[in-house]
J.: 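Submitted below is the structure of interest, expressed as structure tokens.
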Amino acid sequence: MTARAVTKHHPARRKTSADAATPHRCERGHPWPLGATLEKGGVNFAIYSSVADQVELCLFDASGAREIERIPLSCRSDDVWHGFVPGVQAGAKYGWRVHGRYEPEAGLRCNPNKLLLDPYARAIDRPLHGAPWQYAYKLGSTERDLKIDTVNNSPIAAKSVVVDPAFDWGSDAPPGIAPEDTVIYETHVRGFTMQMRELPQEQRGTFSGIASETAIAHFKRLGITTIELLPVHAFNDERRLVDMGLANYWGYNSIGFFAPEPRYCMGGDVNDFKRMVKALH
């Protein structure tokens, strides 16, 4: 069966109480690739939702605390909502509000009061620590998850970040080591580098630390050919651990499969991951 593309047009934008000085318009754009794609003159946004009645793109100031604009996506192709927004640049912080039915008993949990991360975000602006703002319902309520929480969580919620994919790979290429000659070393970005006293403090616990001359010399002394890192994409500390004053050391609670964990990026730069890969090659 061939899918039939259906395009629906919606109003161009919605003002907020903290409206931007120069509001953005939303053009049709395209439904692929998903996420935020930097293009000439702006950014194409696309997100999948089969249950939404409307999807709003929310833009924030540089701090990520103040919502400056809400832009309803102008088109829907099948179940992908999309739009091209001229003028948005790399580094812009954004999130989603999804309008629709809130009926947990039917598996529907649309709550436009809660800012959502982009599941295809290439970067997230801060580490995630389990907290009540992450829930669509009020914790501790006698109605549990059946009653929607109407509190706007955007001032404290994590934000997705538009990323410029440009990177100077130079002549970099995978080493191409034969499987029979491969020796794999599994390690933890933070745990491994925090123990290296030769590293400057700012490199410990980061991808930059893994890519350091000190770390690479250690790998070579061991005779290994290949590094296997534990989950390095963005993850969430479970609220139970946070309440105990702990963190999710192992990172097996993924929140963004396409964004490197902010805690591991030296200086908050997502290109720290690419520089690590290039150095290891």
Side-chain angles (χ1 to χ4, degrees), residues 20-48 55-71 73-74 80-96 115-128 154 157-174 189 202-203 206-211 229 232-235 254-281:
T22 304
H24 293 87
R25 69 181 188 277
C26 185
E27 300 176 358
R28 187 180 190 282
H30 40 84
W32 187 262
L34 295 172
T37 304
L38 189 66
E39 299 181 355
K40 183 178 180 180
V43 175
N44 188 83
F45 293 93
I47 184 171
Y48 173 90
V55 174
E56 290 180 308
L57 169 69
C58 302
L59 299 179
F60 290 80
D61 65 4
S63 72
R66 186 171 69 92
E67 185 176 356
I68 58 176
E69 193 171 1
R70 294 186 192 179
I71 308 171
L73 292 190
S74 55
V80 177
W81 302 76
H82 56 92
F84 177 79
V85 185
V88 177
Q89 301 177 351
K93 296 185 178 182
Y94 72 98
W96 299 109
L115 190 79
L116 303 179
L117 284 169
D118 187 341
Y120 280 79
R122 300 295 183 87
I124 295 173
D125 72 340
R126 70 198 72 180
L128 280 150
S154 67
K159 312 300 185 299
S160 305
V161 183
V162 176
V163 170
D164 184 349
F167 182 79
D168 183 11
W169 287 101
S171 59
D172 177 68
V189 172
E202 64 271 17
Q203 276 192 306
T206 69
F207 299 120
S208 181
I210 292 287
L229 298 175
V232 293
H233 44 241
F235 60 87
S254 303
I255 198 69
F257 285 96
F258 303 95
E261 168 54 42
R263 281 169 274 204
Y264 299 163
C265 296
M266 189 173 73
D269 183 3
V270 293
N271 281 335
D272 203 31
F273 183 87
K274 293 181 179 179
R275 286 191 291 268
M276 175 191 69
V277 172
K278 184 177 179 180
L280 291 175
H281 282 175

J.: Which heavy-atom pair separates Cys58 from Arg70 by the least distance, and what is that distance?
T.: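 Minimum heavy-atom contact is SG-CG, 4.0 Å.
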J.: How long is the gap from CZ on Arg25 to CD1 on Ile71, to the nearest 0.5 Å?
T.: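 It is 11.0 Å, given to the nearest 0.5 Å.
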J.: Which pairs with one or both residues in residues 263-272 pass salt bridge (charged side-chain N to carboxylate O under 4.0 Å, His left out), sequence neighbours excluded?
T.: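 Those involving residues 263-272 are Asp237-Arg263, Glu261-Arg263, Asp269-Arg275, Asp272-Arg275.
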J.: Which atom names give the shortest non-hydrogen contact between Val163 and Ala123, and what distance separates them?
T.: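 Of all heavy-atom pairs spanning Val163 and Ala123, the closest is CG2-CB, 3.5 Å.
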J.: Counting only heavy atoms not in Tyr120 (residues, nucleotides, ligands), do more than 12 fall under 6.0 Å from its OH?
T.: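 Atom OH in Tyr120 is not crowded, with 12 or fewer foreign heavy atoms closer than 6.0 Å.
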J.: Give a yes or no on whether the backbone of Leu73 and the side-chain of His82 come within a donor-acceptor separation of less than 3.5 Å.
T.: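 No, because the side chain of His82 does not come within donor-acceptor range (under 3.5 Å) of the backbone of Leu73.
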J.: Please enumerate all residues that pass salt bridge (charged side-chain N to carboxylate O under 4.0 Å, His left out) together with Arg122, with sequence neighbours excluded.
T.: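 In terms of salt bridge (charged side-chain N to carboxylate O under 4.0 Å, His left out), with neighbours along the sequence ignored, Arg122 is linked to no residue.
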J.: For residues Val55 and Tyr48, determine if any side-chain heavy atom of one lies less than 4.5 Å from a side-chain heavy atom of the other.
T.: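 Side chain of Val55 against side chain of Tyr48, heavy atoms only: no contact under 4.5 Å found.
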J.: Looking at Leu34 and Pro31, what are the two nearest heavy atoms and their distance?
T.: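 Closest approach of Leu34 to Pro31, heavy atoms only: CD2-O, 3.9 Å.
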J.: Aromatic rings Phe207 and Tyr264: how do their planes relate, parallel, tilted or perpendicular, breaks at 30° and 60°?
T.: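 Geometry flag for Tyr264 against Phe207: perpendicular rings.
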J.: Give a yes or no answer on whether the side chain of Asn44 reaches the backbone of His30 with a donor-acceptor pair at less than 3.5 Å.
T.: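 Side chain of Asn44 to backbone of His30, a donor-acceptor pair under 3.5 Å: yes, one is there.
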J.: Quick one: does any side-chain atom of Lys159 pair with a main-chain N or O of Leu115 as donor and acceptor, under 3.5 Å?
T.: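 No, Lys159 side chain to Leu115 backbone: no donor-acceptor pair under 3.5 Å.
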J.: Shortest non-hydrogen contact from Phe273 to Pro260?
T.: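 Smallest heavy-atom distance, with atoms named: CB-CB, 4.5 Å.
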J.: Taking the side chain as every heavy atom from C-beta outward, state whether Leu117 and Ser160 have any atom pair closer than 4.5 Å.
T.: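 Answer yes - side chains close enough.
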J.: Where do Lys278 and Trp169 come nearest, in terms of heavy atoms and distance?
T.: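 Residues Lys278 and Trp169, closest heavy atoms: CE-O, 3.5 Å.
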J.: Counting C-beta onward and ignoring hydrogens, is there a side-chain heavy-atom pair between Cys26 and Phe45 closer than 4.5 Å?
T.: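 Of all side-chain heavy-atom pairs linking Phe45 with Cys26, none is under 4.5 Å.
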J.: Indicate every side-chain donor-acceptor pair of residues 85-96 with a distance under 3.5 Å to a residue at least two apart or in another chain.
T.:
| unit_1 | atom_1 | unit_2 | atom_2 | d |
| --- | --- | --- | --- | --- |
| Lys93 | NZ | Ala62 | O | 3.0 |
| Tyr94 | OH | Asp118 | OD2 | 2.8 |

J.: If I take atom CZ from residue Phe84 and atom CZ from residue Arg28, how far apart are they, to the nearest 0.5 angstrom?
T.: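 It comes to 14.0 Å.
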J.: Closest heavy-atom contact between Val161 and Ile124?
T.: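 Heavy atoms only, the tightest pair is CG2-C, 4.2 Å.
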J.: For the pair Glu69 (side chain) and His24 (backbone), establish whether a donor and an acceptor sit closer than 3.5 Å, ignoring hydrogens and angles.
T.: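 Pair found, side chain donor or acceptor close to backbone of His24.
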